[in-house]
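For reference, the structure is listed below as structure tokens.
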Amino acid sequence: MATNSTTKKPAADAAAEETTEAAPARTARKAAPDPDVVGPALPAGAEPVAVTLAHHHTIDGTDYPPGAKLLVSPDYAQRLRGQGYATPA
């Protein structure tokens with residue numbers, strides 16, 4: 001009678017080891033903060049512009065729902081309006 005000299009683990013033991021590994025934690029998105037200037041920084045001497053979002057948008061990892069009123073730099077406001085994310089002025 002031949003003996004089995006392999007070092008293979010039984011399938012049940014291997015499956016149990018795989019399930020005990022910790023899954024990587026997901027990062028939670030932040031809720032919308034109080035109205036501050038969001039997005040790219042304001043250029044020197046520029047005043048922030050108020051925009052109202054037409055669609056759901058995420059800026060710097062923060063979710064903003066449609067209808068959210070934000071203060072952004074003038075250049076960023078123009079980009080948001082051009083891409084359809086903000087309502088026209």
Side-chain angles (χ1 to χ4, degrees):
M1 176 175 253
T3 59
N4 187 358
S5 61
T6 62
T7 58
K8 223 173 160 180
K9 294 181 181 180
D13 290 342
E17 285 181 8
E18 288 178 8
T19 57
T20 59
E21 292 178 8
R26 295 180 70 178
T27 57
R29 291 190 171 172
K30 301 175 271 186
D34 291 332
D36 285 331
V37 177
V38 296
L42 283 170
E47 291 294 319
V49 176
V51 295
T52 302
L53 293 181
H55 301 282
H56 179 269
H57 194 53
T58 302
I59 302 172
D60 296 332
T62 303
D63 291 332
Y64 295 96
K69 297 182 187 304
L70 306 174
L71 291 175
V72 296
S73 70
D75 294 338
Y76 194 51
Q78 184 177 4
R79 282 195 296 168
L80 288 173
R81 289 183 183 115
Q83 294 172 352
Y85 281 103
T87 58

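Each residue takes its place number in the sequence, starting with 1.
Listed here is the closest heavy atom pair of P74 and L42: CD-CD2, 4.0 Å. Residues A54 and G84 approach most closely at CB-O, 3.9 Å, considering heavy atoms. Contact between L71 and P48 at its shortest, heavy atoms only, is CB-CB, 4.2 Å.
Note that CG of L80 and CG of D75 are 11.0 Å apart. Values are rounded to the nearest 0.5 Å. A distance of 10.0 Å separates CG in L70 from OG1 in T62, rounded to the nearest 0.5 Å.
Residues satisfying the side chain to side chain contact (heavy atoms under 4.5 Å, CB included) test with A77, not counting sequence neighbours, are V49, V51, V72, R81. Looking at residues two or more places apart in sequence or on another chain, you find a side chain to side chain contact (heavy atoms under 4.5 Å, CB included) between P40 and Y76, R79.
Using cut-offs of 30° and 60° on the angle between ring planes, the pair Y85 and H55 is perpendicular.
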